[in-house]
Amino acid sequence: MTDILRALQSHRSIRKFKSTPIPASDLEQILLSAQAASTSSNLQAYSVVTVQDPGRRARLAELAGNQAYIEESPLFLVWLADLNKLRTALYFHEKAELQTNTELFLLASIDAALAAQNAAVASEALGYGIVYIGGIRNNPREVSDLLELPPLVYPVFGMSVGVPDQEPDHRPRLPLGAVVHSEVYRQEPLEAGIRAYDETTREYYAKRKGGPKFGETVWSREVLRRLEPGRLRGHLHGFLSEQGFELK
């Protein structure tokens, strides 16, 4: 039990990988672990595309913002919210039509995330490193075409998997007081926790990036930068509508 807790709390994103291939037996264990994750009402409304072909990985790297580690890792997993699976199952029974709504969209997206996190833990247990790739949503139409995704399926995120070729520092997280609320949501400890975390991240970034000029980089300022208008992939609503997802 101590080993499990230590492994979970030692997670780091890996962005440099060795070219060592992942044996089919290890990949099977990773995917079986993903399938063992919780799923709403046993609907299992997700799928995953395993991408090992170098050319396809190179194209996905380009579409995700030229993130080289997608191309460098021997295995790239694209996690999908998959309502086509449910529509197909309904066709077995008098060709009933699937009625989609926001709840089904969330259900499929959450199912994909839960399965992916199981896969991440299993990968690290086998000695591999992983990094999630939200950039897969930069160009969702092109990604969908490349992976031949049908309607009612969308790429939630990607995951690079491979033998680590780096030892990054462990990135500190928010204090528990800014995350855990007892009985009801409380604003005061949240604000205190963010202030404390800003000081922690100020020290972390200054050390990590190797110079005093980064001493003013704090978490709350990073939030401000990352949530600037135009950075939040506003094109996704139109794409999801094209794919048949009803967000209502």
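Residues in residues 52-66 take part in these salt bridge (charged side-chain N to carboxylate O under 4.0 Å, His left out) pairs, two or more places apart or across chains: Arg59-Glu62. Sorted by first then second residue, the salt bridge (charged side-chain N to carboxylate O under 4.0 Å, His left out) pairs that include residues 15-39, not counting sequence neighbours, number zero. Every pair passing salt bridge (charged side-chain N to carboxylate O under 4.0 Å, His left out) that includes a residue from residues 231-248 is listed here, sequence neighbours excluded: Arg141-Glu242.
Looking at residues two or more places apart in sequence or on another chain, you find a ring-ring contact (aromatic ring centres under 6.0 Å, His included) between Tyr132 and Phe157. For Asn66, there are no side chain to side chain donor-acceptor pair (under 3.5 Å) partners, not counting sequence neighbours. With sequence neighbours excluded, no residue forms a ring-ring contact (aromatic ring centres under 6.0 Å, His included) with Phe92. Scanning for side chain to side chain donor-acceptor pair (under 3.5 Å) contacts around Ser109 gives Tyr154, with sequence neighbours left out. Not counting sequence neighbours, the partners of Leu31 by the side-chain contact (heavy atoms from CB on, under 4.5 Å) test are Leu27, Val48, Thr50. The side chain to side chain donor-acceptor pair (under 3.5 Å) check on Asn84 picks up Arg87, with sequence neighbours excluded. Asp169 meets the salt bridge (charged side-chain N to carboxylate O under 4.0 Å, His left out) test with no other residue; sequence neighbours excluded. Looking at residues two or more places apart in sequence or on another chain, you find a side chain to side chain donor-acceptor pair (under 3.5 Å) between Glu167 and Arg12.
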Would you mind writing out the side-chain donor-acceptor pairs for residues 186-195 within the sub-3.5 Å range, not counting sequence neighbours?
| residue | atom | partner | partner atom | Å |
| --- | --- | --- | --- | --- |
| Gln187 | NE2 | Glu191 | OE2 | 3.2 |

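For Thr39 and Asp111, the side-chain atoms include at least one donor-acceptor pair closer than 3.5 Å.
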